[in-house]
Peer 1: 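The structure is given below, and queries will be raised subsequently.
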Amino acid sequence: MELISGEIKLRSFKESDIPRLVELANNENIARNLRDGFPHPYTPEHADAFIKRCSELDPQTFFAIEFKGEYVGNIGLVKGNDVYRKSAEVGYFIGEEYWNKGIATIALNLICDYGFNNLDYIRIHTGVYEHNIASQRVLEKCGFVKEGVFKMAVFKKEMYWNEVRFAKLKYL
Ligand SMILES: CC(C)(COP(=O)(O)OP(=O)(O)OC[C@H]1O[C@@H](n2cnc3c(N)ncnc32)[C@H](O)[C@@H]1OP(=O)(O)O)[C@@H](O)C(=O)NCCC(=O)NCCS
C-alpha cells in the first residue's frame with residue numbers, strides 16, 4: 001500500500017529501514033515529544049519489533065514516510081475501542097535533519113484522507129504537549145481544531161505537562 005503526494009510517499013516498512021529508523025528515532029528531541037512507549041535510547045531491537053508489529057496490522061495503519069525517495073519518519077493511526085471505534089489517534093515523527101520542509105504536513109494530510117476514505121473513521125485526534133509548537137502548527141495547517149487543554153495530564157521526565165487536544169472530523 002502506498003499513498004503519494006508530490007515528493008512524499010507513505011509506504012510499508014522494510015527490514016532495510018531499520019538502521020536509518022534507529023539513527024533518526026534515537027534522538028532526545030524526538031522522544032521528549034512522544035509517549036514513554038517510544039523508547040529512548042532507540043535500539044535496532046526496538047526498530048525490528050516495531051516493524052514486525054506494523055507488518056501484522058490488517059488493515060495497514062502504520063507507514064514509513066519517504067521524502068524524495070529517502071526514508072525520513074513514521075506516521076500511524078490507532079483505532080479507538082468500543083464506542084470510540086469510529087475514531088483514530090494519529091502519531092508521527094520526522095527525523096530532525098528533515099524538519100521544517102513541510103513533510104509532516106503532507107504526510108498528515110495523506111493519512112487523514114486514507115483514514116476517512118478507506119478506513120471509515122469520522123474523527124482523527126491527537127494530544128500534543130503544550131511546548132510542542134511545531135506539531136500544533138502542523139495540525140492547524142491540516143485543518144485540525146484545538147478542542148481543549150488537559151492541564152498537567154502528562155507526566156514525562158519527572159515533570160507534569162499540559163496536553164493540547166486536537167481533532168479533525170470527516171464531516172464538518
Ligand atoms: C512535529 C514534527 C513532526 C513536525 O515535522 P515537520 O516536517 O518539520 O513539519 P512541517 O515542516 O510540515 O511544519 C512545521 C511547522 O512548524 C513551524 N515551527 C517549527 N518550529 C517552530 C517553533 N519553534 N515555533 C513556531 N513554529 C515552529 C514551522 O515553521 C512550520 O510551520 P509553517 O509551515 O507555518 O512555517 C517534527 O518536528 C517532529 O518529528 N517532532 C518530534 C516528534 C513529535 O513532536 N511528534 C508529534 C507528537 S504530537
Side-chain angles (χ1 to χ4, degrees), residues 3-11 13 17-43 46-47 50-51 53-54 61-80 84 87-115 121 123-157 159-169:
L3 307 168
I4 298 173
S5 174
E7 293 172 317
I8 310 291
K9 184 195 280 186
L10 308 192
R11 59 155 173 81
F13 288 95
D17 293 326
I18 289 176
R20 194 62 179 141
L21 169 54
V22 173
E23 277 174 14
L24 297 181
N26 188 33
N27 179 345
E28 173 64 17
N29 292 334
I30 290 178
R32 72 191 183 91
N33 288 301
L34 301 175
R35 296 200 179 140
D36 290 346
F38 186 89
H40 188 75
Y42 198 105
T43 66
H46 292 129
F50 171 73
I51 286 180
R53 281 200 306 279
C54 291
T61 50
F62 274 79
F63 296 90
I65 305 171
E66 269 188 15
F67 173 61
K68 296 185 179 173
E70 271 182 72
Y71 165 76
V72 298
N74 299 355
I75 191 161
L77 295 171
V78 178
K79 182 181 166 72
Y84 302 109
S87 299
E89 182 180 47
V90 67
Y92 44 83
F93 84 85
I94 302 294
E96 188 166 359
E97 64 203 76
Y98 305 97
W99 286 2
N100 296 322
K101 297 179 188 297
I103 298 173
T105 302
I106 293 176
L108 182 59
N109 275 327
L110 279 170
I111 207 164
C112 285
D113 287 348
Y114 172 68
Y121 294 126
R123 174 184 165 89
I124 296 175
H125 61 92
T126 196
V128 184
Y129 309 157
E130 203 167 42
H131 53 79
N132 189 353
I133 304 298
S135 186
Q136 294 181 56
R137 182 77 196 113
V138 168
L139 289 157
E140 283 166 0
K141 285 195 288 180
C142 293
F144 280 69
V145 173
K146 179 173 163 175
E147 295 190 323
V149 178
F150 285 23
K151 296 255 171 92
M152 304 218 296
V154 173
F155 185 65
K156 173 117 185 148
K157 294 179 76 74
M159 302 259 291
Y160 292 97
W161 306 95
N162 293 343
E163 184 181 55
V164 190
R165 293 285 185 101
F166 284 83
K168 181 171 181 166
L169 301 184

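When a ligand or atom number is given, it counts from 1 through the structure's own listing order. No experiment lies behind these values; they were computed from the predicted model shown.
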Peer 1: Which of the numbered atoms in ligand 1 are below 4.0 angstrom from a heavy atom of Thr105?
Peer 2: 10 (P), 12 (O), 13 (O)
Peer 1: NZ of Lys156: more than 12 outside heavy atoms within 6.0 angstrom?
Peer 2: yes
Peer 1: Provide, to 0.1 Å, the distance between atom 7 (O) of ligand 1 and the closest protein heavy atom, together with that atom's residue and name.
Peer 2: Ala104 N, 3.0 Å
Peer 1: Does the Glu130 side chain pair with the main chain of Trp161, one donor and one acceptor, at a distance under 3.5 Å?
Peer 2: no
Peer 1: Between Leu34 and ligand 1, which part of the residue brings a heavy atom under 4.0 Å of the ligand: side chain, backbone, both or neither?
Peer 2: side chain
Peer 1: Table please: side-chain donor-acceptor pairs of residues 106-114 below 3.5 Å, with sequence neighbours left out.
Peer 2:
residue	atom	partner	partner atom	Å
Asn109	ND2	Thr105	O	3.4
Tyr114	OH	Gln60	O	2.7

Peer 1: Whether the side chain of Asn74 engages the backbone of Ala64 through a donor-acceptor N/O pair (distance < 3.5 Å, no angle test) should be reported.
Peer 2: no
Peer 1: Do Glu7 and Lys101 have side-chain heavy atoms sitting under 4.5 Å apart?
Peer 2: no
Peer 1: Under 4.0 Å from a heavy atom of Val138: which atoms of ligand 1 are those, numbered in the order shown and with their elements?
Peer 2: 4 (C), 9 (O), 10 (P), 12 (O), 13 (O), 14 (C)
Peer 1: Is ligand 1 under 4.0 Å from a heavy atom in the side chain of Asn100, in the backbone, in both, or in neither?
Peer 2: both
Peer 1: Which one holds for Lys141 and ligand 1: side chain close, backbone close, both close, or neither close, with close meaning a heavy atom under 4.0 Å?
Peer 2: side chain
Peer 1: To which protein heavy atom is atom 24 (N) of ligand 1 closest, and what is the distance rounded to 0.1 Å?
Peer 2: Ile133 CG2, 3.6 Å
Peer 1: Considering only heavy atoms, does Tyr129 approach ligand 1 within less than 4.0 Å through its side chain, its backbone, both, or neither?
Peer 2: neither
